[in-house]
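Chain letters run A, B, ... following the sequence lines, proteins first and then strands; every chain starts at 1.
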2 protein chains.
Amino acid sequence: MAVTLKDVAARAGVSVKTASNVVNGYSFVAADNRRRVQEAIEQLGYVPNIGARNLRRGRTGFLTLAVPELTNPYFAELCGLVMTAAARHDWTVLIEQTAGARERELAVINAAHRSLVDGVILSPIGMHPADLATDSAPNSPLVLLGERALGARVNHVAIDNVKAAEVATEHLIGLGRRRIAAIGDQPGQNGTAMLRLAGYRGALRAAGLPDDPALTVPTPTYSRAEGAGAMRRLLDAPNPPDAVFCFNDLLAIGAISAARDRGLRVPADLAVVGFDGIEEGNYSAPRLTTIAPDKLAIAEAAIDLVKRQLDHDGQQPQDVTVPFTLEIHESTHR
Amino acid sequence: MAVTLKDVAARAGVSVKTASNVVNGYSFVAADNRRRVQEAIEQLGYVPNIGARNLRRGRTGFLTLAVPELTNPYFAELCGLVMTAAARHDWTVLIEQTAGARERELAVINAAHRSLVDGVILSPIGMHPADLATDSAPNSPLVLLGERALGARVNHVAIDNVKAAEVATEHLIGLGRRRIAAIGDQPGQNGTAMLRLAGYRGALRAAGLPDDPALTVPTPTYSRAEGAGAMRRLLDAPNPPDAVFCFNDLLAIGAISAARDRGLRVPADLAVVGFDGIEEGNYSAPRLTTIAPDKLAIAEAAIDLVKRQLDHDGQQPQDVTVPFTLEIHESTHR
DNA sequence: GCTTGACGATACAACGATGTAACAAGACTG
DNA sequence: CAGTCTTGTTACATCGTTGTATCGTCAAGC
């Protein structure tokens, strides 16, 4: 059905290999033959079969990028940036959704597609450190995004989550707030949430504020609906907070929505800080104060680590820390 | 480097084909050999090389899904649904971003990847009808999402855009609004925007309202920023509107944000209807009234059309129309 | 006892591309 | 003029997998 090199070669009256040489820009082909092959390619509409080429070359030209949910704008934005960075190295990105489920994250690392890709970039949520220990000698590069807490010997790209959470919390303290809640802890997981909680507590402690456990509300995942639910629980309890630090922007947007439904004014009655720096927060009412990681730097570092590990086999796993900024908007304006 | 069937066969003491037969669940393999092969697979951690398998089977196992921007939540949601529907047929989805650029849309249809995928699902924006005429006999199935205006003989999946725009506009008319603006026309393109504009105008005409050209604001693409810009232009003009129908939700959210900056109350001073039914609109302030296409139906119809065309070669291109609903929320509440 | 037939296993070719080695012809070297 | 180099081309093997054809073996059926 499809046009192959054999067809091109036949039409141009040369061997298959000579046709291949033209396609691949090999120098020593007679001008005459080169022209005829090119004409044949043109006329037949030949397109190389990438699968076959990759099989022969032992390189697939694919990377897997696995994120929890594409509907989380943070990951949607990140995917776009990773795809762009990957394209510069002629990689096509396969996006997978894990829903944060441990078994699906492991499937991405280990299973079927592993033979199909040159590397895997994974934003893990459900995985345990032990899960990586078994995979001691992965045959293709693996880069984890945002999970430094997994102590294993793997490539990491992340911001300093503890520091970022401190900065966010200090900002609320600096506004004079004293009952500062945190939404988004994930007890039992030991990933990003744990680090952000540590930063939050550290900032409270440093300011001499009590760490009231009633003000820490866990959520199973990070969505607007869960942010709203958590906020409602905080407002139903006695002695509600005057500020809340949400572990991501979707939670924050949900929290603001729930506060608004109860007639609270943000930021006058309740100041809100999010985390992720998604575009949506720049158009919400009120505009959202947030910790914005440098997503472009994350994407490029991830691609760079994959490439580096592919080029130098014995490469030691690396930790890359990228910068973040606190973007102050209406949701915490005095 | 990687473990192949050959290694498995050697370890199990059988031929490569027998090992292959075990992997593929062929019935007539001696229980003893089957067990030994399975053990070898286990011990060596064998994973089939999908590329090689597909090469042999003459099927790639990939679909291309090309959307303008992944950061548009409508497309992010749609991608997730298409991926799920595709997984049921063992397809892996390659997501491409076209930015709505004509040449990139054509590249998706024609170029390199064509040999790599079993089919293409494209959400076109920049393409002209003539672009498809040249590609009269595509060798792999092509499904267009949401562009019935491209008259060519291709598979389509879309809602009735004219009708939907009518419904949205009638809703605003029913609230007593008389100066109803439209944001998001794209003159020169003859796709979705044209259809929605037609529905908008039809509803105005049916209600005996004038169609003031000053109330139709085009935008080059669909983003929050452009929605805000368009709204500012409307508010700066003499005789501003009391309602606005935005051709997508991002435009609507931007428009609301701009109106708010000018001190307008939504919906009291300005009623706003969007289009897409994205999750973000359920948490915005005010919650957004919107036309919500049945995205799940779109995703499943698209996959179904690809499969059908692949199975029956001479299949005639089909038009599938999926339902939509008008979701009424705060942004148009009396 | 001889044909069927089901079962079990294998060698071989093929998918489409590219690396290797070999070869031929002409152009240099010494 | 033999020997090496450069250029140009090709046949062949190979990547990992699976379809086809083939060849056994053993049991059932007449």
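For B:Arg53, the listed nucleotide lying nearest its side chain is D:dT17; candidates were C:dA9, D:dT17, D:dA11. Checking D:dG8, D:dT18, C:dT10 against the side-chain heavy atoms of A:Asn33 singles out D:dG8 as nearest.
Across A:Gln309 and A:Asn155, no two heavy atoms sit closer than the pair OE1-ND2, 2.5 Å. Between B:Ile121 and B:Ala302, the shortest heavy-atom contact is CD1-CB, 3.9 Å.
Side chains of A:Lys295 and A:Asp276 form no contact here, defined as non-hydrogen atoms less than 4.5 Å apart. Side-chain contact check for B:Phe75 versus B:Gln97: every heavy-atom pair is 4.5 Å or farther apart. Side-chain contact between A:Ile298 and A:Leu145 is present, with heavy atoms from C-beta onward closer than 4.5 Å.
Taking atom CG of A:Asn49 as the reference point, atom C1' of C:dT18 lies 13 Å away to the nearest angstrom. Look at CG on A:Leu55: it is 4 Å from C1' on D:dC15, rounded to the nearest Å. For the pair B:Leu5 CG and D:dG19 P, the computed distance is 12 Å after rounding to whole Å. Here the P atom of nucleotide C:dA11 and the NZ atom of B:Lys6 are 13 Å apart, to the nearest Å. If you measure from atom CG of B:Asn21 to atom P of D:dT20, you get 13 Å, rounded to the nearest angstrom. The separation between A:Ile41 atom CD1 and C:dA17 atom P is 10 Å, rounded to whole Å. Between the P atom of C:dT10 and the CZ atom of B:Phe28 lies a distance of 17 Å, rounded to the nearest Å.
Remark: A:Arg11 does not engage A:Asp7 in a salt bridge, criterion side-chain N to carboxylate O under 4.0 Å. Under 4.0 Å is where a charged nitrogen must lie from a carboxylate oxygen, and between B:Lys307 and B:Glu300 no such pair does.
Taking 3.5 Å as the limit, the base of D:dG19 and the side chain of B:Lys17 contain a donor-acceptor pair of atoms between them.
Toward the 5′ end of DNA chain C lies the nearest nucleotide of B:Arg57, the other residue of the pair B:Arg57 and A:Arg56 mapping further downstream.
Across all strands, A:Val14 comes closer than 4.0 Å only to sugar-phosphate atoms, never to a base (heavy-atom distances). Nucleic acid contact for B:Ser20: base, since at least one base atom lies under 4.0 Å from a heavy atom of the residue. Heavy atoms of B:Tyr26 sit nowhere under 4.0 angstrom from any nucleic acid atom. Nucleic acid contact class of A:Thr18 (heavy atoms, under 4.0 Å, all strands): base. Within the nucleic acid shown, A:Asn54 has no heavy atom closer than 4.0 Å to any nucleic acid atom.
At C:dT10, one or more side-chain N or O atoms of B:Ser15 fall inside 4.0 Å of OP1 or OP2 (strictly under the cut-off). Contact annotation: A:Asn24 reaches the phosphate of C:dT18 (side-chain N/O to OP1 or OP2, under 4.0 Å).
An angle of 50°, rounded to 10°, separates the two end axes of the helix from C:dG1-D:dC30 to C:dG30-D:dC1, each defined over five pairs.
Checked options B:Arg35, B:Arg36, B:Gln43; the residue passing with B:Glu39 is B:Arg35 (criterion: side chain to side chain donor-acceptor pair (under 3.5 Å)).
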